[in-house]
Amino acid sequence: MGKVKINISTIPLLEDYLSLPLQSILEQEDLFIFTIFLPDFFELKEQLKNYLTVEEQNKAYRFYKIVDQNRFIIYRSILKIILAYFTQKEIHNLRFDTKANKKPYLIDAPLLHFNISHAEDYAVIAIAQTEVGVDIEYIDKNFDFEPLIPEIINTAEGRLLEKSANKKRDFYTSWTRKEALVKATGQGIDDCFQSIPTLDGQHEGVLKVDQTNNNWTIKGFEVEAQYMGAIAYKYLPTEAKNIRFHKFLPDLEHYFK
């Protein structure tokens, strides 16, 4: 367990969508966030399923609801399409393993980091050459979040939450930022979760992970009015990341050129 420096801010998303075609070379300063509107791909489910292994297909069919089966097939296959795009490998030749913290990685491209999150009709995928975590949450108007506040929100966040004109939205803002960081570090939700800062600005935090570089950035964003997201990544004080958003489109030919 050790102290880390965390830089937190909010960034716009919709204004920054990339225009196709993408550049397949991932530079050190690049950090991509792909957004996927899952219903756009339901008609492509059978095609996308062909990119999954038997084990992945079986995992999809363990979901009780058909819509959840479809969502898994879509976002898992698109993750593989994106990884094949940046590694210039055939999708069926991608080989995965997991680290000690259970984070998956590509055996043949261990320096290419990725993370995925999904909520209702959206999924987001982050790709970078540094440790990265991403989270998206759907703001359910019927969800009672109040009982979770003592377990998730720290004192400083709680004071602002009490004054908030949109308490539920601000709760989800904090939640996604904390979640993105623990996904990036691989520590998971634990006793340190509440203490992770989420307010814009420079902070110090405590993580239950052994880090050689103790500098992290968290950036919050909005996909749509009902979807809050956040990305967290490790950085050096001397480097700046070029964060680039891309809306993944159903025209798959763009990603196989």
Worksheet item: Are Glu29 and Arg244 within salt-bridge range, i.e. N to O under 4.0 Å?
Response: no

Worksheet item: Checking Glu157 side chain against Asn154 main chain: does a donor-acceptor pair fall under 3.5 Å?
Response: yes

Worksheet item: Strictly under 6.0 Å, is that where the ring centroids of Phe96 and Tyr105 end up?
Response: no

Worksheet item: Would you say the side-chain atoms of Gln226 pair up with the backbone N or O of Ile139, donor to acceptor, closer than 3.5 Å?
Response: yes

Practice prompt. In sequence, state the C-alpha distance, the side-chain angles, and the governing distance for Tyr64 and Gln69, and then conclude on side chain to side chain donor-acceptor pair (under 3.5 Å).
Written response: CA-CA 8 Å; Tyr64 178 74; Gln69 294 178 13; over 6 Å; no

Fill in: Leu160 CG to Ser164 OG distance, which is reported to the nearest 0.5 Å
8.5 Å

Item to complete: Decide yes or no on side chain to side chain contact (heavy atoms under 4.5 Å, CB included) for Phe72 and His118, but give the supporting numbers first.
Response: CA-CA 9 Å; Phe72 177 85; His118 58 91; over 6 Å; no

Worksheet item: How far apart are the closest heavy atoms of Ile231 and Ala126, and which atoms are they?
Response: CD1-CB, 3.7 Å

Discussion item. Is there a side-chain contact between Ile116 and Val124 in this structure, where contact means two heavy atoms from C-beta onward sitting under 4.5 Å apart?
Written reply: no

Item to complete: Give a yes or no on whether the backbone of Ala119 and the side-chain of Glu137 come within a donor-acceptor separation of less than 3.5 Å.
Response: no

Worksheet item: Hey, any chance Leu111 and Tyr233 share a hydrophobic cluster, counting ILVMFWY side chains that come within less than 4.5 Å of each other, even indirectly?
Response: no

Practice prompt. If the plane angle is over 60° it's perpendicular, under 30° parallel, otherwise tilted; pick one for Phe221 and Phe245.
Written response: perpendicular

Worksheet entry | Side chain to side chain, Ile78 and Ile125, heavy atoms closer than 4.5 Å | yes

Worksheet entry | Nearest non-hydrogen partners of Pro250 and Phe41, listed with the distance | CA-CE2, 3.4 Å

Item to complete: Hey, can you tell me if Phe171 and Trp175 have their rings parallel, tilted or perpendicular (30° and 60° cut-offs)?
Response: parallel

Worksheet entry | Pairwise side-chain contact, Arg95 with Leu106, heavy-atom cut-off 4.5 Å (strictly under) | no

Fill in: Working for side chain to side chain contact (heavy atoms under 4.5 Å, CB included), residues Phe143 and Leu148
CA-CA 11 Å; Phe143 177 64; Leu148 295 177; 3.6 Å; yes

Worksheet item: Which is it for Ile136 and Met228 under the side chain to side chain contact (heavy atoms under 4.5 Å, CB included) test, yes or no, and what are the steps along the way?
Response: CA-CA 6 Å; Ile136 186 173; Met228 297 302 299; over 6 Å; no

Discussion item. Under a 3.5 Å distance rule, please check whether Arg177 uses its side chain to pair with a backbone N or O of Thr198 as donor and acceptor.
Written reply: yes

Worksheet item: Just checking, any donor-acceptor pair under 3.5 angstrom between side chains of Glu55 and Asn58?
Response: no

Discussion item. Can you confirm whether Thr173 sits close enough to Thr10 that some side-chain heavy atom of one is under 4.5 Å from a side-chain heavy atom of the other?
Written reply: no

Item to complete: First locate atom OH of Tyr51, then atom CG of Leu79, and finally report the distance between them rounded to the nearest 0.5 Å.
Response: 14.0 Å

Worksheet item: Checking Gln129 side chain against Leu26 main chain: does a donor-acceptor pair fall under 3.5 Å?
Response: yes

Practice prompt. Determine the sole option in Leu52, Asn50, Ile73 for which the side chain to side chain contact (heavy atoms under 4.5 Å, CB included) test with Gln57 is passed.
Written response: Leu52

Item to complete: Could you grab the distance from atom CD1 of Ile6 to atom CG of Leu199, nearest 0.5 Å is fine?
Response: 11.5 Å

Fill in: Under 3.5 Å donor-acceptor, Asn115 side chain and Val134 backbone
yes

Worksheet item: Cut-off 3.5 Å, side chains only: do Glu131 and Thr185 have a donor facing an acceptor?
Response: no

Discussion item. Return the CD to CG distance between Glu179 and Leu181, rounded to the nearest 0.5 Å.
Written reply: 10.0 Å

Discussion item. Could you tell me if Ser117 and Asp135 have a donor-acceptor pair between their side chains, going purely by distance under 3.5 Å?
Written reply: yes

Discussion item. I'd like to know whether the aromatic ring centres of Phe86 and Phe114 sit less than 6.0 Å apart in this structure.
Written reply: no

Worksheet item: Got a sec, which pairs hit salt bridge (Lys or Arg N to Asp or Glu O under 4.0 Å) with one end in residues 63-86, sequence neighbours left out?
Response: Glu56-Arg76, Glu56-Lys80, Asp68-Arg71, Arg71-Glu120, Arg71-Asp121

Worksheet item: Yes or no on side chain to side chain contact (heavy atoms under 4.5 Å, CB included) for Ile218 and Asn7, after CA distance, side-chain angles and deciding distance?
Response: CA-CA 6 Å; Ile218 302 175; Asn7 178 38; over 6 Å; no

Item to complete: Could you pull out the closest heavy-atom pair between Ile8 and Pro197, with the gap in Å?
Response: CD1-O, 3.2 Å

Discussion item. With a 3.5 Å distance limit and no angle check, can you tell me whether Gln88 reaches the backbone of Tyr85 through a side-chain donor-acceptor pair?
Written reply: yes

Discussion item. Counting neighbours of NZ on Lys49 that are heavy atoms of other residues, nucleotides or ligands and sit closer than 6.0 Å, is the number greater than 12?
Written reply: yes

Worksheet item: Regarding Ser9 and Asp200, is there a side-chain donor-to-acceptor distance under 3.5 Å anywhere?
Response: no

Discussion item. Within this structure, what is the CD1-CD1 distance for the pair Ile81 and Ile91, rounded to the nearest 0.5 Å?
Written reply: 5.0 Å

Worksheet item: To the nearest 0.5 Å, how far apart are CZ in Phe248 and CD1 in Ile36?
Response: 6.5 Å

Discussion item. Looking at every heavy atom in both Ala84 and Leu94, which two are closest together, and how far apart are they?
Written reply: N-CD1, 4.1 Å

Practice prompt. Determine whether more than 12 heavy atoms belonging to other residues, nucleotides or ligands lie under 6.0 Å from atom NZ of Lys163.
Written response: no

Fill in: Contact summary for Ala180 and Ala230, nearest pair of heavy atoms
CB-O, 3.5 Å

Worksheet item: Under a 4.5 Å cut-off applied to non-hydrogen side-chain atoms, are Pro104 and Asp97 in contact?
Response: no

Fill in: Backbone of Glu27 reached by a side-chain donor or acceptor of Asp30 within 3.5 Å
yes

Worksheet item: For Thr217, does its backbone N or O pair with a side-chain atom of Lys234 as donor and acceptor, under 3.5 Å?
Response: no

Worksheet item: Shared ILVMFWY cluster between Ile152 and Leu161, side chains joined below 4.5 angstrom?
Response: yes

Fill in: Shortest non-hydrogen contact between Pro147 and Pro150, atoms and distance
O-CD, 3.4 Å

Worksheet entry | Check: Lys103 main-chain N/O paired with Lys183 side-chain donor or acceptor under 3.5 Å | no

Worksheet item: Got more than 12 heavy atoms from elsewhere within 6.0 Å of NZ, Lys5?
Response: no

Worksheet item: How are the rings of Phe32 and Phe34 set to each other: parallel, tilted or perpendicular (split at 30° and 60°)?
Response: parallel

Discussion item. So Leu38 and Tyr75, do their side chains get closer than 4.5 Å, heavy atoms only?
Written reply: yes

Item to complete: Inspect the surroundings of CD in Glu146 and state if more than 12 heavy atoms from other residues, nucleotides or ligands are less than 6.0 Å away.
Response: yes

